[in-house]
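Let me begin by presenting the structure, written as structure tokens, before commenting on it.
Both ligands and their constituent atoms are indexed starting at 1 by order of listing.
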Amino acid sequence: MQALTIVPSVADSARLADVPEPPIADGPILARMLALGVCGTDRELVSGRYGVAPESQDALVIGHESLARVIEAPDGCGFSSGDHVVGIVRRPDPVPCASCAAGEWDMCRNGLYTERGIKGRHGFAAERIRLEPEFAVRVDPQLGLTAVLVEPASVIAKAWEQIERIGSRAAAWAPQKVLVTGAGPIGLLAAMMSVQRGLETHVFDRTSDGLKPRLVDDLGARYHTGELSSLADLKPDVVIECTGASAVVLEAIELTGPLGITCLAGVSSGGHALNLDVGLLNRTMVLENDVVFGTVNANRRHYENAAASLARADATWRSRLITRRVPLWQWRDALRREPGDVKVVIDFENR
Ligand code: BGC
């Protein structure tokens, strides 16, 4: 079968390769891939800046935002032929650490976790995949192609869960305003979940026109562009930072009001030193009881919450997030950023 592979740490090594059928060691559920979402992590993998191949192998099959249809599943495993499934990305570390032992592999404490399509395990950019029932999430076929958004949405479902847990440290925490920085798929999904919570939602992005502002408006949220500093009076209770752009990260942290929570959900590339008044930052954070925290990945509970949240969203709005569908053989186009892109999907059914 065909799969999209890279040689980790080697820039531009990506190719469509003939690979063996997925090994039974990957799990007893055999599924046919329907669609694969492409994200910034995949572009980092292809550029050679990220990723680890499975032990004693050179190549890694990439892909971690999956939607597949079950072809075969053992009796009694909870899945049957025809089910639509999304694969969970992370596997617990083998020790396991206390978090992984408790099913919270997203909170792994020793870094020995593996991730499908990213770190030490083949991913989902293949015609057929195998999954363990514990790491497969059944999704409503009514979600159609948009079920491919369950994985990125799971990362944000976790972020929201963490925000609410942190907020509950203060008896009187009653957030009203949320600012999301970045109107890519992660930012738009964060805004969707904010609106679903009944919160006044603002989204900041550098794009001034096109689909992104319309998607934000149609959600019932407010779109902002230009200078982030122009939002100084907004005093959001929560900021969800989804750009990873150093300057935005710093400004975002400074924007919140008292009891402010800044959730960092975007990964910065490093190497961007900025002038930072640590004293002022410390003073503000201490005197306002502010929290800044980072979040990554998701466990099963978050995938389930993400699927439920997507199902509650307007079906047309949801489907507008997928801006391009590219057949597998045109994978290079899928990895190329184009103006107006929100989520680009490799469509395995289009041959
Ligand atoms: C994925 C996460 C993963 C992270 C770090 C993200 O793109 O969505 O599941 O944990 O990359 O590898």
- Those atoms of ligand 1 less than 4.0 Å from some heavy atom in Tyr50: 5 (C), 12 (O)
- Under 3.5 Å donor-acceptor, Arg49 side chain and Val46 backbone: no
- Between Arg116 and Phe124, is NZ or CZ placed under 6.0 angstrom from the six-membered ring centre and within 45° of the ring axis? no
- Part of Arg90 within contact of ligand 1 (heavy atoms, under 4.0 Å): side chain
- Task: Show which atoms of ligand 1 fall inside a sub-4.0 Å distance from at least one heavy-atom site of Glu151.
- Result: 1 (C), 2 (C), 8 (O), 9 (O)
- Query: Cys39 heavy atoms, cut-off 4.0 Å: which ligand 1 atoms fall inside?
  - Reply: 7 (O)
- Would you mind checking if Glu104 and Arg301 are paired as a salt bridge, meaning a charged N to carboxylate O distance below 4.0 Å? yes
- Query: In terms of atom number and element, which parts of ligand 1 are under 4.0 angstrom from non-hydrogen atoms of His64?
  - Reply: 1 (C), 7 (O), 8 (O)
- Would you call Glu338-Arg324 a salt bridge at under 4.0 Å N-O? yes
- Closest non-hydrogen protein atom to atom 11 (O) of ligand 1, residue and atom name please, with distance? Thr41 OG1, 3.5 Å
- Step through the shown structure and confirm whether more than 12 heavy atoms of other residues, nucleotides or ligands are within 6.0 Å of CZ on Arg43. yes
- Message: Suppose we measure from atom 4 (C) of ligand 1 to each protein heavy atom; which comes out shortest, and what is that distance?
- Response: Val296 CG2, 3.9 Å
- Message: Quick test: of every protein heavy atom, which one is nearest to atom 3 (C) of ligand 1, and how far off is it to 0.1 Å?
- Response: Glu115 OE2, 3.3 Å
- Query: Is any side-chain heavy atom of Arg197 less than 4.5 Å from a side-chain heavy atom of Glu164?
  - Reply: yes
